[in-house]
Undergrad: 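Got a structure for you, written out below as structure tokens; questions coming shortly.
Order of the sequence lines sets the chain letters (A, B, ...), proteins ahead of strands, with each chain counted from 1. Worth knowing before you read on, the calculation uses all heavy atoms, side chains too, and leaves out hydrogens, waters and symmetry mates.
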Amino acid sequence: MELLVAIMVGVLVAASVHLMLARNVLRFLFGLILISNAANLTIFVSGRLTPEAPPLIHEGTDAPLQTVANALPQALVLTAIVIGFGLFAFALALVYRTYQNLGTLNSDEMRLAEPKGEVGK
Amino acid sequence: MPRVYGGPAGWISVLVPAAIFVWFLQFLAPVAAGEQVLIGTDWVPSMEIRLSFLIDGLSLTFGLLISGIGALVTLYSTRYLGNHPEYPRFVLFLLLFMVGMLGLVLSDNLIALFVFWEVTTISSYLLIGFDSDSAKSRRSALQALLLTGTGGLALLAGMILLGNAAGSFELSEILTMGDEIRAHEHYVPILILFLAGAFTKSAQFPFHFWLPNAMAAPTPVSAYLHSATMVKAGVYLMARMNPTLGGTEPWFWALVVAGGFTTVFASLLAVRQTDIKQVLAYTTLMALGALTLFIGAGTSSAIKAAMIFLVVHSLYKAALFLMIGIVDHETGTREVDRLRGLARKMPVTFVAGALAAISMAGIPPFFGFIGKEFLYKAGLELEVASLWVTGTIFAASVLMFMAAGISVARPFLGRTPEALAATHEGPAAMWVGPLVLGGLSLWFGLFSDLPEQWLVAPATWAVYGSTAVEVDLYLFREVNAAFILSLVTFAVGFVLYLARDRIRALLSRIIEANPIKFDPGWDRVLDGLKALAEWQTRLLQSGVLQRYMVITFVTLAIGMGVTIWTKDALGPLVLDLAATFDGLVFMHWAVLVFITCGALLTAYTSSRMTAVASLGVVGIGVALIFIMFSAPDVAITQLLVETLTVVLVAVAMLKLPNLKLRNEERRPGHAALSLVVGALVTVVIVAVVQDDIDRRITDYFEIASWPEAYGRNIVNVILVDFRALDTFGEIAVVVIAALAAYALLRGKRPGRVKRGEDD
């Protein structure tokens, strides 16, 4: 299963890289969502996939009795999901506001700070 | 005691070095007896950096020169700059420099030595650029900083190599390991890096050009930093490292050739100048060259001669700089053609200058004569390159005689011209310094036992690495080759002095004709550096998002690819398909296909609604993977976040234009890059999963979760207990993102920027 997930993550990454290379910032944003998912899955699968054994401790015992899923990547992914969402929400607000002010979603036309022809001077 | 100007800053600036000087005196007796004093405390113990100080003959000689001349120079500055509005700033820089310089010569730890080395570089930068309104000052300051700073970096690399080779960063230990270091495989790189530091700092050819430019600094700074102390830091370093790095062929030839060339070259440039301060600047270069030359020569008598000349030069050169400062202060010019007959108007300054100049010319019974005699003697005794060393030092001495005449005899003797009739003597605070230093030049010559016993002998032992060298200074003992050479020096020097105008014209013609110019060359190097920076900035910082992303992903791909290649991750890769498909049920296949299709659809659809929907499919699919593989908490979070994401995107869509989502043009390069990055990620994951997993941290959490944190859900315990600070940070990130988004959305619309306005 790990192999298949690895291939699927590869597809996810390829799709998101393609999206993030676009001029349209909305496409860029979609790429951002996809690549966060891909990153989370990468961490998750690196900790190995263990079916039907959540990392819980039974009542009356001090530690899990049989092998349970790796808790560490789960905790990391949980944090990553929330932070990824924060980043996405902010980026979306930024895109929205940019469109309101500049009237475009094309990143090539957003050149208020670095007007064309002045780059590198 | 002359009145001190400049307020409290003035008093402090004089008292601090004077007190340090007095403190140093207590070490004279033990050091003269051949002892070493070590004082130290741990600074960064984990990195073997100690703040330890070594007082031996070499560091004590330097320490006394730095603090003694420092006190005289700061006293001088109270009048020279006391009324300057920035005077306290000047004092701060000067004292900062003094701390750095004293630390440099006293440090026993290589890293500490480097830190102090850089302190002197930075304070020198601030002092050269003290007149910050002048573009010339700023340029000179920057030039000195960049050149000596680059050398400093080389020195740091050399020190780290040396420390690793020796197994210790303590000089007192390294100094005893000379044979091991010289036989070490890194000896040549260490030597090159150390000499790069020393040669830039002490302005050896071809790094000489910053020093004459550094004369843009106020005269007390020139006298102190760029003559008596800082530029001698490189000499100090070479002298200090002589027992460790010295005595080999590369060392000998590097120092003897660079030192000798600098000596002659600088002497010729010196007599060509018309600004007396520039004459002195170039003769300082000559002295630094001579010191390098004799440290490189390395015999006991050469080291002895170098140490004598070190003291000789510090005394007379500081005095002469201070003298020309007084002349400049009183007459407003330093041009040799406009100054004449000042002796009657400024008798004390004249006496001070004359004492120093006679020492510089090497006339008996001054200390300078002893210095020159010993240089000749050491040069003649050399077995290798004797002719080169003696010839160089003879040429330099002749030109020194001439330069001494140009700097003192020419301006002070003769009839006073009308323009200078109103000139009067400078204030006492200013002539005390040169008078004391000039006086010492005579006193040390007459009673040469004093410097011999307290300064030269201990310093020679420290540099030579053995107390077996006999040091006996004398003015005159017999008529030998060195003495005859001295007499010839005077004769030739006097003739040259009389012919100075013709020589200057000749030298000017030769130098003008020479196509290689270092100072403008330096500008071209800087311009080239700027052009390079501009070129790569244009390339990398284009301001176009797309290009940034290309650069980012290409870098990522290269990084992953190189790692996979060098770690040979592909070799042991086993694709056991049977094991992979074992135990897979329809549900697994369904989720994998869902996610894959969702991702591809998002990338290729031109409809916004389809894109949002397929993003949702991917998100839910990922949540299902979490559920299937025992991560219920993660799955719940993922579902919540996914729902919110889709809602937010949908809301935003209402306000955003229905632009076509497809790329305007198809770019095969982008598609290829995407595929490469995706494939590399797959390879990395497969390689990681195939390796053994290290579960030590997980095991710890599993065991500790209940007994220590009273939680049965291990993931939750990690988040809220073991790694609570991380979670707190995560919450902070979300809050900041929310606040920022709120601020963005709430702000008034400033009105659209009209198209074309940014053209």
Undergrad: Heavy atoms, side chains only, cut-off 4.5 Å: are B/Glu702 and B/Arg695 in contact?
TA: yes
Undergrad: Tell me, for A/Leu19 versus chain B, whether the close heavy atoms (under 4.5 Å) come from the side chain, the backbone, both or neither.
TA: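 Just the side chain, heavy atoms under 4.5 Å.
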Undergrad: Please examine the side chains of B/Val550 and B/Val554, heavy atoms only from C-beta on, and report whether any two atoms are closer than 4.5 Å.
TA: yes
Undergrad: Going by side chain to side chain contact (heavy atoms under 4.5 Å, CB included), A/Met8 matches just one of B/Ile625, B/Val591, B/Thr682. Which one?
TA: B/Ile625
Undergrad: Aromatic contact between B/Phe629 and B/His588, with the criterion being ring centroids under 6.0 Å apart: yes or no?
TA: yes
Undergrad: Given heavy-atom pairs under 4.5 angstrom as the criterion, report whether the side chain, backbone, both or neither of B/Thr727 touches chain A.
TA: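 No part of it gets close to chain A.
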Undergrad: Under a 4.5 Å heavy-atom cut-off, does chain B meet the side chain of A/Phe44, its backbone, both or neither?
TA: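 Contact with chain B involves the side chain of A/Phe44 alone.
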Undergrad: Which atoms of B/Leu745 come close to chain A, meaning under 4.5 Å heavy atom to heavy atom: side chain ones, backbone ones, both, or neither?
TA: both
Undergrad: Could you tell me which portion of A/Leu76 (side chain, backbone, both or neither) has an atom closer than 4.5 angstrom to a non-hydrogen atom of chain B?
TA: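 For A/Leu76, there is no contact with chain B at all, as no heavy atom is under 4.5 Å.
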Undergrad: Begin from the C-alpha positions of A/Arg23 and A/Glu109 and carry the test salt bridge (charged side-chain N to carboxylate O under 4.0 Å, His left out) through to its verdict.
TA: CA-CA 9 Å; A/Arg23 287 205 182 85; A/Glu109 290 169 20; over 6 Å; no
Undergrad: Under 4.5 Å from any heavy atom of chain A, what part of B/Val733 do you find: side chain, backbone, both or neither?
TA: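 Answer is side chain: those atoms of B/Val733 sit under 4.5 Å from chain A.
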Undergrad: Heavy atoms only: give me the nearest B/Asp633-B/Thr637 pair and the separation to one decimal.
TA: O-OG1, 2.8 Å
Undergrad: Among the options B/Leu719, B/Val734, B/Ile736, pick out the one with the most heavy-atom pairs lying under 4.5 Å from chain A.
TA: B/Leu719
Undergrad: Quick check on B/Leu615 against chain A: is it the side chain, the backbone, both or neither that has a heavy atom closer than 4.5 Å?
TA: side chain
Undergrad: If every non-hydrogen atom of B/Ile595 is compared with every non-hydrogen atom of B/Val618, which pair is closest and at what distance?
TA: O-CG2, 3.8 Å
Undergrad: In terms of heavy-atom proximity below 4.5 Å to chain A, should B/Val676 be classed as side chain, backbone, both, or neither?
TA: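 Contact with chain A involves no heavy atom of B/Val676 at all.
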Undergrad: Less than 4.5 Å to any heavy atom of chain B: does that hold for the side chain of A/Ile35, its backbone, both, or neither?
TA: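 Contact with chain B: side chain only.
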Undergrad: Heavy-atom distances under 4.5 Å only: say whether A/Ser107 touches chain B with side chain, backbone, both or neither.
TA: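 Only the side chain of A/Ser107 comes within 4.5 Å of chain B.
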Undergrad: Who wins among B/Ser674, B/Ala737, B/Gly678 for the most heavy-atom pairs under 4.5 Å with chain A?
TA: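 So the answer, after comparing B/Ser674, B/Ala737, B/Gly678, is B/Ser674.
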Undergrad: A/Ile33 versus chain B, heavy atoms under 4.5 Å apart: side chain, backbone, both or neither?
TA: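 For A/Ile33, the side chain is the part near chain B, not the backbone.
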Undergrad: Which heavy-atom pair separates B/Ile703 from B/Pro707 by the least distance, and what is that distance?
TA: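 Distance-wise, the nearest heavy atoms are O-CD, 3.1 Å.
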Undergrad: Against chain B, label A/Leu92 side chain, backbone, both or neither, depending on which of its atoms sit under 4.5 Å from a heavy atom there.
TA: side chain
Undergrad: Could you tell me which non-hydrogen atom of A/Glu2 sits nearest to which non-hydrogen atom of A/Arg48, and how far apart they are?
TA: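 Looks like OE2-CA, 3.9 Å.
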Undergrad: Go through the atoms of B/Leu744 and report whether side chain, backbone, both or neither lie under 4.5 Å from a heavy atom of chain A.
TA: both
